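Comments concern the structure below.
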There are 2 protein chains.
Amino acid sequence: MKVYDHQLEVPGLRMTKQRKEVYRALMENADHPTASQLFDNLKNSQESMSLATVYNCLEALVEHGAIKQVNVDREPTRYCQNSAQHGHFHDQSTGTIHDINFKSGINLIDILDLPEGTEISSLEITLKGTLPS
Amino acid sequence: MKVYDHQLEVPGLRMTKQRKEVYRALMENADHPTASQLFDNLKNSQESMSLATVYNCLEALVEHGAIKQVNVDREPTRYCQNSAQHGHFHDQSTGTIHDINFKSGINLIDILDLPEGTEISSLEITLKGTLPS
DNA sequence: CAACAAACTTAGAATAATTCTAAAAAAGGC
DNA sequence: GCCTTTTTTAGAATTATTCTAAGTTTGTTG
């Protein structure tokens, strides 16, 4: 797992003021926020910026593997601090999202029945249900 | 795996003309169509119906486990004939979706690190990439 | 350093999949 | 056959996201 410094360097990505701020805002919010929640957080900060920019920055960070996107059904897209391979659990009683990891030694690719030569660019695993209280 | 007769009975779901037609239309279209693609298919059939009804019927069928929903990023939701546990592969060079199965003997739940007592109501696994030609 | 091109940001408009609304129709129970 | 509940419908409304076009910043190159 790669965790970049919050001052932030991401290989291959030009780090503008706005991208740094968006990244930092996400690092300070572990609740898998939406783009507009991040936008609201940022309004009260030094560096206010437009919602379109928040979307642009998040897209750039996702494309460069620094953060992850979480889609649950058709709800607004949420963003995840954790760039390592992991899944998400959507707790339907609270609406919250939790990271879930694979048991150690497991490589998800190994258990899928894929044709030889398949190239995988991303893998998303999402559960819904309720966690014990 | 349960495959219902195409005349169709689904336990607990009242089978209206429209729900039967939507189900049948999906069974005849293996390409993981969207709601509006199904709507277009149905226009040329006996039983034409409103787009809202197509959405309603698909929702009812998904809720009752007769079909599955496939979400890839923010693209329009697509629907899947196959109600058994399986994953989806989104081929980025063609835009097509393919079912993928787990290797035999594998139970996905077993490899996830979940707290005791977690209740799972759905599990979605989606890959993106390119398949060999 | 100045000039230029490329990349980025921005506000607001546009898009489009989906959901909502309220009324009409259908289904099932008795 | 009546009554209640569920379903269907057409069109309007919603809303997350993308697009647009103009302005700004950045990095590069002579």
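None of the values given here were measured: they were computed from a predicted structure. In the text below, chain A, chain B and the rest are named by the order of the sequence lines, each starting its count at 1.
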Rounded distance in Å - CG (B/Asp73) to C1' (C/dA17)
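Taking CG of B/Asp73 and C1' of C/dA17, I get 15 Å after rounding.
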Taking CD from B/Gln69 and P from C/dT18, how many angstroms apart are they, rounded to a whole number?
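To the nearest whole Å, that distance equals 9 Å.
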Return whichever of B/Ser48 or B/Arg74 has its heavy-atom-nearest nucleotide of DNA chain D closer to the 5' end.
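Mapping each residue to its closest nucleotide by heavy atoms, the 5'-most match is B/Ser48.
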Close side-chain approach of A/His64 to A/Pro11, heavy-atom, < 4.5 Å:
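They are not in side-chain contact.
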Heavy-atom distance under 4.5 Å between the side chains of A/Leu42 and A/Met49, does that happen here?
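The answer is yes; the side chains approach within 4.5 Å.
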Side-chain donor or acceptor of [X] paired with backbone N/O of [Y] under 3.5 Å:
{"X": "B/Arg78", "Y": "B/His32", "result": "yes"}
{"X": "A/Lys103", "Y": "B/Asp110", "result": "yes"}
{"X": "A/Arg19", "Y": "A/Ala60", "result": "no"}

Determine, for B/Lys17 against B/Glu21, whether the closest basic-nitrogen to carboxylate-oxygen distance falls under 4.0 angstrom.
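Looking at B/Lys17 and B/Glu21, the cut-off is not met.
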Taking the ring centre of each residue, are A/His90 and A/His98 less than 6.0 Å apart?
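No; A/His98 has its ring centre 6.0 Å or more from that of A/His90.
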Which sits closer to the 5' end of DNA chain C, A/Val54 or B/Arg78, going by the nucleotide each is nearest to?
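Per heavy-atom nearest nucleotide, the more 5' residue is A/Val54.
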First of B/Thr77 and A/Leu51 reached from the 5' end of DNA chain C, by closest nucleotide:
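Looking at DNA chain C, the more 5' nearest nucleotide goes with A/Leu51.
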How would you label the contact of A/Thr34 with the nucleic acid (heavy atoms, under 4.0 Å): base, sugar-phosphate, or nothing?
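Nothing: the residue A/Thr34, judged by heavy atoms under 4.0 Å, touches no strand.
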Scan B/Ser36 against the nucleic acid and name what it touches under 4.0 Å (heavy atoms): base, sugar-phosphate only, or nothing.
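Nothing: the residue B/Ser36, judged by heavy atoms under 4.0 Å, touches no strand.
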Determine, for nucleotides 4-9 of chain C in 5'-to-3' order, which nucleotides have protein heavy atoms under 4.0 Å from the base (write B), from only the sugar-phosphate (write S), or from neither (write -).
---SSS
Anything under 4.0 Å to a heavy atom of chain A counts; send over the first and last such nucleotide of DNA chain D, read 5' to 3'.
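Range of nucleotides within reach of chain A: D/dA16 to D/dG27.
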Under 3.5 Å, is there a donor on one side chain and an acceptor on the other for B/Asp91 and B/Thr96?
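On atom types as modelled, these side chains do not qualify, holding no pair under 3.5 Å.
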Assess whether side-chain contact (heavy atoms from CB on, under 4.5 Å) is satisfied between B/Lys68 and B/Asn82, documenting all intermediate values.
CA-CA 7 Å; B/Lys68 276 189 185 294; B/Asn82 181 353; over 6 Å; no
How about A/Glu119: does its CD atom have over 12 heavy atoms from other parts shown lying under 6.0 Å from it?
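Atom CD in A/Glu119 is not packed in, count stays at 12 or less.
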For the atom pair CG (B/Leu123) and CD (B/Gln85), what is the distance rounded to the nearest 0.5 Å?
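Answer rounded to 0.5 Å: 5.5 Å.
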Using five base pairs at each end to define the local axes, how bent is the helix from C/dC1-D/dG30 to C/dC30-D/dG1, to the nearest 10°?
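The end-segment axes of the helix from C/dC1-D/dG30 to C/dC30-D/dG1 are tilted 40° relative to each other.
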